[in-house]
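In what follows, a structure is listed as structure tokens, so that the remarks can point back to it.
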Amino acid sequence: MIRTFTSFLALVLVFSLTTSQALAAKDGFSKGPSTAALQKEYEDGKIRILIAAGHEPGYGGAVYQGVYEREINVEVAKELERLLEANPNYEVIVTRSDSAWNKSLQKHFNKNGKKVERFISAQKKKMAKLLKKDSVGEAGESHGVAAPSDVALRLYGINKWANENDIDLVVNLHVNDAPDHGPNEPSKFRGHAIYVPDSIYGNSKTSKVLANEIIDRLDALATTSTHPSEAGGVVPHREFIAVGAYGTLNIPSVLIEYGYITEPRFADVQHRNTLTRDLAYQTYLGIQDFFNDPVTNPRKVTKLPMEWPKPEPLPVATTTPTVVVTPPVATTTPVVVPVSPVIATTTPVATTPPPSTVQVCPAFSKVLGLMDDAAPASEDVKHLQRLLAKDKTIYPEGSVTGFFGPATERAVKRFQEKHGIVSSGTAETTGYGAVGPRTAKKLLELCGS
């Protein structure tokens, strides 16, 4: 009886120690898994990766000119999932789609709201004790936006779920923004950065190793962030929930900001498919580098523009149109005759040949762009439409109405692209689709040739 009771006590002691160790492993202030340990796990079995597509289904994230960060995050997540799942060493879980949370996470949110609240409260008390003991330094600067309370609860809930479901790595996907610009003006900042846990957390060291591998690969697509708080590219942070604020995540975690949403590579829809595929691919290569299993023959990726072209300056007003007169006798040198501005461009002067041989090249006195259909017909726009209509591939409609509508705007864009003037942006940001000085100059060159 005594031996039986002693054995029972021993079992209770072993169980208690095992349980306490397991619980400690869920605390983000304790030491997390090392790089070497994860590499060994990769060799021996399967790594469970949680891809967190930033923000919520249908809610949150940066927006610029109809481009939504949360949608880009999902597109990159899907492609990254496809790449990782081709490797049998990985098991991949994605937090959400465009319209819904992962079913396991949604069930977790529904059932464990109170448990998550208690978990957050306990971790915040631990952090308060450390701060009181001066065990940690000051938190670094941040230009991030605080999450609403219900959103924050779900972010902490994801951390708790990851701790309890044998997740080995968390990769958070985002596109950045800054409050330095208006709705139609780009930010002055550009480039990528990766946030990692602050050094007070147990998952910091391994997270930094992973972040450095990924950012080395992202450098093939763009430069590191020009924002002062993101200098160096890999940025330790104490308060981002996704990387384990208050020690809520013991697992290595990185938060990738792929660039600023106002960069043309994000804002211009023509780049969308290329960009999301390449961002996912370079992230995948970085993860492979972390596990010492690099891709031997990586495919080529495209370095897309990070800055908008400078907008065309306002034109200098001119009062003298130029008439190019074609002599009756064949010649390769046209005769250029300056004409007083009071002479109508459609009325030949006495010294000119018959009207059929006169070609009028207008000097546009202002920027021409999309206007209200109710505006009066413009002679400048008519001249523009006649010039564009010479090339059916540029202006197949060929209408000479004097109204600068969508068809004329499309023709101007095709003309600008064909002649290497500008190929992206908007009329307001780069002059794309509007007739400014450079576009007018090229039109006049072709008119007189």
If you look at every heavy atom in [X] and [Y], which pair is closest and at what distance?
{"X": "V295", "Y": "Y284", "value": "CG2-CE2, 3.8 Å"}
{"X": "D391", "Y": "T393", "value": "OD1-OG1, 2.5 Å"}
{"X": "S207", "Y": "V196", "value": "O-CG1, 3.8 Å"}
{"X": "T430", "Y": "S424", "value": "OG1-O, 2.7 Å"}
{"X": "K303", "Y": "L221", "value": "CG-O, 3.2 Å"}
{"X": "F266", "Y": "I261", "value": "CB-O, 3.5 Å"}

Practice prompt. Apply side-chain contact (heavy atoms from CB on, under 4.5 Å) to K115 and F119, showing your working.
Written response: CA-CA 6 Å; K115 289 182 180 179; F119 170 65; over 6 Å; no

Worksheet item: Which pairs pass ring-ring contact (aromatic ring centres under 6.0 Å, His included) with one or both residues in residues 35-54, sequence neighbours excluded?
Response: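 The answer is Y42-Y90, Y42-F291.
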
Enter the distance from [X]:[atom1] to [Y]:[atom2] here, rounded to the nearest 0.5 Å.
{"X": "D293", "Y": "N87", "atom1": "CG", "atom2": "CG", "result": "6.5 Å"}
{"X": "N159", "Y": "R154", "atom1": "CG", "atom2": "CZ", "result": "14.0 Å"}
{"X": "I214", "Y": "F290", "atom1": "CD1", "atom2": "CZ", "result": "9.0 Å"}
{"X": "E307", "Y": "T262", "atom1": "CD", "atom2": "OG1", "result": "10.5 Å"}
{"X": "L80", "Y": "I51", "atom1": "CG", "atom2": "CD1", "result": "4.0 Å"}
{"X": "Q282", "Y": "I256", "atom1": "CD", "atom2": "CD1", "result": "11.5 Å"}

Would you say the side-chain atoms of [X] pair up with the backbone N or O of [Y], donor to acceptor, closer than 3.5 Å?
{"X": "Q270", "Y": "S423", "result": "yes"}
{"X": "N165", "Y": "W161", "result": "yes"}
{"X": "N203", "Y": "N250", "result": "no"}
{"X": "W101", "Y": "F109", "result": "no"}
{"X": "H419", "Y": "I421", "result": "no"}
{"X": "S253", "Y": "L169", "result": "no"}
{"X": "E79", "Y": "V76", "result": "no"}
{"X": "E75", "Y": "T276", "result": "no"}
{"X": "D168", "Y": "R48", "result": "yes"}
{"X": "R96", "Y": "A53", "result": "yes"}

Worksheet item: Of all residues at least two apart in sequence or in a different chain, which pass the ring pair (Phe, Tyr, Trp, His ring centres under 6.0 Å) check with Y201?
Response: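 Y201 satisfies ring pair (Phe, Tyr, Trp, His ring centres under 6.0 Å) with F29 once adjacent residues are dropped.
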
Item to complete: Applying ring pair (Phe, Tyr, Trp, His ring centres under 6.0 Å), name anything that partners H192, two or more places apart in sequence or on another chain.
Response: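 Testing H192 for ring pair (Phe, Tyr, Trp, His ring centres under 6.0 Å), a comparison that skips the adjacent residues, returns none.
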
Practice prompt. May I ask you to decide whether R410 forms a salt bridge with E397, counting only side-chain N to carboxylate O separations under 4.0 Å?
Written response: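 Yes.
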
Worksheet item: Are the charged groups of E213 and K208 less than 4.0 angstrom apart, N to O?
Response: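 Here E213 does not pair with K208 in a salt bridge, since their nearest N and O are not under 4.0 Å apart.
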
Using side-chain heavy atoms (C-beta onward) and a distance below 4.5 Å, is [X] in contact with [Y]?
{"X": "L218", "Y": "D216", "answer": "no"}
{"X": "N89", "Y": "I47", "answer": "no"}
{"X": "P33", "Y": "E41", "answer": "no"}
{"X": "T223", "Y": "M306", "answer": "yes"}
{"X": "N112", "Y": "K160", "answer": "no"}

Donor on one side chain, acceptor on other, [X] and [Y], under 3.5 Å:
{"X": "N176", "Y": "S225", "result": "no"}
{"X": "Q106", "Y": "N102", "result": "no"}
{"X": "E230", "Y": "Y195", "result": "yes"}
{"X": "S187", "Y": "Y64", "result": "no"}
{"X": "E69", "Y": "N73", "result": "yes"}

Practice prompt. Let me see the working for I72 and R272 under side-chain contact (heavy atoms from CB on, under 4.5 Å), right down to the final yes or no.
Written response: CA-CA 8 Å; I72 296 173; R272 187 73 164 258; 3.6 Å; yes

Practice prompt. Step by step, work out the side chain to side chain donor-acceptor pair (under 3.5 Å) result for T408 and Q385.
Written response: CA-CA 7 Å; T408 305; Q385 290 167 333; 3.2 Å; yes

Worksheet item: Counting heavy atoms not belonging to K107, are there more than 12 under 6.0 Å from its NZ?
Response: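 Atom NZ in K107 is not crowded, with 12 or fewer foreign heavy atoms closer than 6.0 Å.
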
Item to complete: Verify the neighbour count for atom OH of Y68: are there more than 12 heavy atoms of other residues, nucleotides or ligands below 6.0 Å?
Response: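 Not more than 12 within 6.0 Å, no.
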
Practice prompt. Test salt bridge (charged side-chain N to carboxylate O under 4.0 Å, His left out) on R299 and D278 and set out the steps.
Written response: CA-CA 10 Å; R299 67 169 176 80; D278 286 355; 3.0 Å; yes

Fill in: Worked verdict on Q416 versus T439 for side chain to side chain donor-acceptor pair (under 3.5 Å)
CA-CA 7 Å; Q416 290 170 326; T439 304; 3.1 Å; yes

Discussion item. Using side-chain contact (heavy atoms from CB on, under 4.5 Å), reason through I120 and L153 one step at a time and then give a plain yes or no.
Written reply: CA-CA 9 Å; I120 298 167; L153 189 66; 3.8 Å; yes

Worksheet entry | Residue of the set Y432, F404, Y395 for which side chain to side chain contact (heavy atoms under 4.5 Å, CB included) holds with V412 |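 Going through Y432, F404, Y395 one by one, the side chain to side chain contact (heavy atoms under 4.5 Å, CB included) with V412 is satisfied by F404 alone.
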
Discussion item. Applying side chain to side chain donor-acceptor pair (under 3.5 Å) to Y258 and T283, what does each step give before you reach the verdict?
Written reply: CA-CA 10 Å; Y258 283 117; T283 305; 2.7 Å; yes

Worksheet item: Does the salt bridge (charged side-chain N to carboxylate O under 4.0 Å, His left out) test come out yes or no for E409 and R414, once each step is laid out?
Response: CA-CA 9 Å; E409 184 185 49; R414 294 186 192 110; over 6 Å; no

Item to complete: Run the numbers on K78 and E81 for salt bridge (charged side-chain N to carboxylate O under 4.0 Å, His left out), then give the verdict.
Response: CA-CA 5 Å; K78 287 178 180 177; E81 178 188 25; over 6 Å; no

Discussion item. What verdict does the side-chain contact (heavy atoms from CB on, under 4.5 Å) test give for L446 and F415, after you've listed the backbone C-alpha separation in whole Å, the side-chain angles of each residue and the deciding distance to 0.1 Å?
Written reply: CA-CA 11 Å; L446 296 176; F415 181 89; 3.5 Å; yes

